[in-house]
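As C-alpha cells, the structure follows; a few thoughts come after it.
Residue numbers start from 1 in every chain, and the chains themselves are labelled A, B, ... in the order their sequence lines are given, proteins ahead of strands.
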Amino acid sequence: MSLQDTIEFQVKSAVKALFQSELESVEFQATRKEFAGDITVVVFPMLRVVKGNPAIIGEQIGQYLLDHVDLVIGFNVVRGFLNIEINDVHYLNFFNSIKDNSTYGYVDQKDDKAVMVEYSSPNTNKPLHLGHVRNVLLGYSVAEILKASGKKVYKTQIINDRGIHICKSMLAYQKFGANETPTETLKGDKLVGNYYVKFDQAYKAEIAELIAQGQSEEAAKKNAPILLEAQQMLIKWEAGDDAVVALWKKMNQWVYDGFDVTYKNIGVDFDAYYYESDTYLLGKEFVAEGLKSGVFFKKEDGSVWCDLTSDGLDEKIVLRSDGTAVYMTQDIGTAIQRIKDYPDVGGMVYTVGNEQDYHFKVLFLILKKLGFDWAKNLFHLSYGMVDLPSGKMKSREGTVVDADDLIQEMADTAEEISEELGKLEDYNQTEKETLYKTIGLGALKYYILKVDPKKRILFDPKESIDFQGNTGPFIQYTYARIQSILRKSTSTSSEDEVFSGLTLHEKEKQLIKQLELFPEVIQNAAEQHSPAVVANYTYELVKDFNSFYQNVSILGADTDLEKSFRVALSKSVSHTIKNAFQVLGIEVPERM
RNA sequence: GGUCGCAUAGCUCAGCUGGAUAGAGCACCUGCCUUCUAAGCAGGCGGUCCUAGGUUCGAAUCCUAGUGCGAUCACCA
C-alpha cells in the first residue's frame, strides 16, 4: 500500500471516529517547502460532509493520525491545510525496495494489444529539416514512453513516395542534372532536394515571363510549361512508363539512403515501413466497399464522398472523379494494411503536425463508419509547427534549417565548450567525438522535447541552444558526476545491503520523495502522449540531486553506513536519470 | 466568415483531475573552486497569469463572451 493510500484510509477512519461521517475521497498535495511536513491533506473539501472550522477539524484529524499511525510523527495545520510529517523509516523502506532496480520506473509488458506509432513520414523530394526533427523526436519518444509504460509498440512511417512533388525533382534532374550522382559530400536526399529548388526557380522564372507577356498571375501559374511537363510526368508514372519509373526508383533510393544516415545520426529507428505507392490501391478497394455498404456516395461526375454533416463536419472527398486516389484514400488503405500486417495492434498514434487536425478527425471518423473496432483507439499526436524568426520554413525557397547541419552544429558547440573546460585531456579523438555528439544531440533533443507538443516553437538559429540551466547537457553532466563518484567509491556495500537506522538529511529525503514519483510520471506521460512530462520531471530530480551534492558530502560522510547509503542513493538517482532520458532518446555520458 | 489550437517574469518554459504568498531556466546583480567534475551551488531583482463577466468556501486552472497570434475549411499532400 502506498503512503498516500495508507494516509487516505486513516483519514477516513479518523473522520468516521471523530465526526461519524463517511468521506468519499481525500485530497492530497505535496507540502510546500516553507512548512514542516511531507504530505498535506486539504481539509476544505471535507466541509461538505463535516461541518465546522477547517483549522479545528484539521487539528483533530492530525492528532488522530499521530495517535493511531506509526509512520506519522508530527503535524501542523495552516488554515485548511493539514501538513503531516512522516518518519524516515517509511522513506528508507521505500528506498531499499527500489535501489537495485536498474529498470526502475518501467513496467513489464502487460497489455496483449500493441500500439503502432507512426512518425516522420516524409516526402521524398527533399532532405529532412528542423520540422521533421521535432516530429521524429516526438514520435520516437512517445513510442518509447508507451513501451516503458507496459505497452507493446511498433514504430512505423508512411513514406510519401509518389506524387507531383517528386516529379518536380525528377524533371529538374532530367533537364539540369547532367547525370549527377550522390557523393561523399552530397547525400542523395540533398541532391534530390537541390533539384526541387531548381525546379521552383525555373518555374518562377517562367511565371514571370508569362506575366510579362500579358498573362494574369493565376493563369501564368497554371500554364508555365515546366509545370505542365511535371504533370505529364506524373501521368506517365501512373501509367507505368518504364523510363519514368526507373528514374523514380533511382532518385527515391538516393533519398532513402540519405534519410537513413540522418535517422541513424539522430538515433531513431523503425520496425515497419509503408509506402504510399503500395497502399493507395488498397484504399481504393475499401472506398469501393464503403460505397456498396452506403458509408460513401457517388456524385454525378463520378467522384466519391463521405457525408459527415451529421457529425458537424462537411462532405469529404475520398476518390476523384477520374478514379484516382486522394490523400484520404491512401490513409484509409494504410491504416487497414497495418492492422492486416500486425493483427495484435489495437490502436495507433499518428505523429503529424497540427495543420492536419481536420484531416485526422475525418480519417478516424471514416474508419469508424467503415466499422473497424480498432478505429476508436486512434490518436493524432498533433504538435505545433517549428517556425523561424523569418516565418515558416519553406524547402522550395531554401529557408530551412537542415537536420544534418543542425546536428553537426550542436556537436561543434559541445566541442567548443568541452575544450574550454578542458576536462577530457586523456580522451582520444574518437572518444571525444562520440561525447560531443552525445552532448550536442542531448541539448537539441531536450530543447525540443521539454516543451508541450501542442505549442509551437520559435527557433532562432542566431540564439544558439543553451547548455546551461534547464537543458539536456545539465542533466547529462549530473549523470556524469554521479558516475565519477561511483568510480571513486571504495564502498564495499553489497547489492542487497538493507539500509536502516539512519536519520535522513533533508536533502536525502527530498531525493527519495522525488524518486518515488518516477513510475507515476512514466504512466502520466504515456496517457498524455507527452515527453515534456518526463523532461520536466528529470530536471526537478537533477536539481534536487545537485543541491544534495553541493550541500552534503557523499564520500566524506561521517560513518561508513552513511557513506554507503549516499553512494547507493546517488546510484539510484543515476539509474532514474538514465531511464528517463532513455525514453526521450537521449544518451548519458560516463564523463563530460 | 465557420471550426480547432495557443496566450503565465524582458526572453524560453513549468504549473496534475480547481486549493496555501503563481514556480524554473536564460539575461542582470551578490557570494562560493587547497575537499566527491563550477556545464554546478546559495541568494537577489523581476508577474494586471490577454480582457470582461460567471460558477465556487477557493479560479492561472472550469463556463460564457471578446481581443491577439497560428492552423484549417481543395477533385494538394
> Who pairs with A/K298 by side chain to side chain donor-acceptor pair (under 3.5 Å), at least two apart in sequence or on another chain?
Replying inline: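 With sequence neighbours excluded, A/K298 shows a side chain to side chain donor-acceptor pair (under 3.5 Å) to no residue whatsoever.
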> For A/T124, what residues pass the side chain to side chain donor-acceptor pair (under 3.5 Å) criterion, not counting sequence neighbours?
Replying inline: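 In terms of side chain to side chain donor-acceptor pair (under 3.5 Å), with neighbours along the sequence ignored, A/T124 is linked to A/N252.
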> Considering only the C1' atoms, how many Å lie between B/rG68 and B/rA77, rounded to the nearest integer?
Replying inline: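 Here B/rG68 and B/rA77 have their C1' atoms 30 Å from each other.
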> Would you say a side-chain N or O of A/K450 is under 4.0 Å from OP1 or OP2 of B/rG25?
Replying inline: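 Checking A/K450 against B/rG25: no side-chain N or O falls below 4.0 Å of OP1 or OP2.
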> Does A/R79 make a side-chain N or O approach to OP1 or OP2 of B/rU21 shorter than 4.0 Å?
Replying inline: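 So the side-chain polar atoms of A/R79 do come within 4.0 Å of the phosphate oxygens OP1 or OP2 of B/rU21, strictly under.
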Please write out the pairs of protein N or O atoms and N or O atoms of nucleotides 68-70 of chain B separated by less than 3.5 Å, giving the distance to one decimal.
from	atom 1	to	atom 2	distance (Å)
B/rC69	O2'	A/R456	NH1	3.4

Those residues that, when tested against [X], pass ring pair (Phe, Tyr, Trp, His ring centres under 6.0 Å) (two or more places apart):
X	value
A/F565	A/F95, A/F499
A/Y273	A/F270
A/F360	A/Y350, A/F364, A/H380
A/F75	none

> Which residues, if any, of residues 310-327 of chain A bring a heavy atom under 4.0 Å of RNA chain B?
Replying inline: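 Going residue by residue through residues 310-327 of chain A, the ones with a heavy atom under 4.0 Å of RNA chain B turn out to be A/D314, A/I317, A/R320, A/S321, A/V326, A/Y327.
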Short N/O separations, protein against nucleotides 39-46 of chain B, under 3.5 angstrom:
from	atom 1	to	atom 2	distance (Å)
B/rA39	OP1	A/K423	NZ	2.3
B/rA39	OP1	A/Y477	OH	3.4
B/rA39	N6	A/S418	OG	3.0
B/rG40	OP1	A/G469	N	3.0
B/rG40	O2'	A/R481	NH1	3.1
B/rG40	O2'	A/R481	NH2	3.4
B/rG40	O2'	A/Q550	NE2	2.6
B/rG40	N3	A/Q550	NE2	3.4
B/rC41	O4'	A/Q550	NE2	3.4
B/rA42	OP1	A/S547	OG	2.9

>> Going by the glycosidic torsion and a 90 degree boundary from 0, is the base of B/rC73 oriented syn or anti?
In response: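 Anti conformation here, the glycosidic angle of B/rC73 being more than 90° from 0.
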So which protein nitrogen or oxygen atoms get under 3.5 Å of nucleotides 57-64 of chain B's nitrogens or oxygens?
from	atom 1	to	atom 2	distance (Å)
B/rC57	N4	A/R48	NH2	3.3

Enumerate donor-acceptor pairs with a distance under 3.5 Å from any side-chain N or O in residues 439-450 of chain A to protein atoms, sequence neighbours excluded.
from	atom 1	to	atom 2	distance (Å)
A/K445	NZ	A/I266	O	2.6
A/K445	NZ	A/G585	O	2.6
A/Y446	OH	A/N470	OD1	2.6
A/Y446	OH	A/A535	O	3.2
A/K450	NZ	A/N470	O	3.3

> Residues in salt bridge (charged side-chain N to carboxylate O under 4.0 Å, His left out) with A/R481, at least two apart?
Replying inline: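 Partners of A/R481 by the salt bridge (charged side-chain N to carboxylate O under 4.0 Å, His left out) criterion come out as none, since no residue qualifies.
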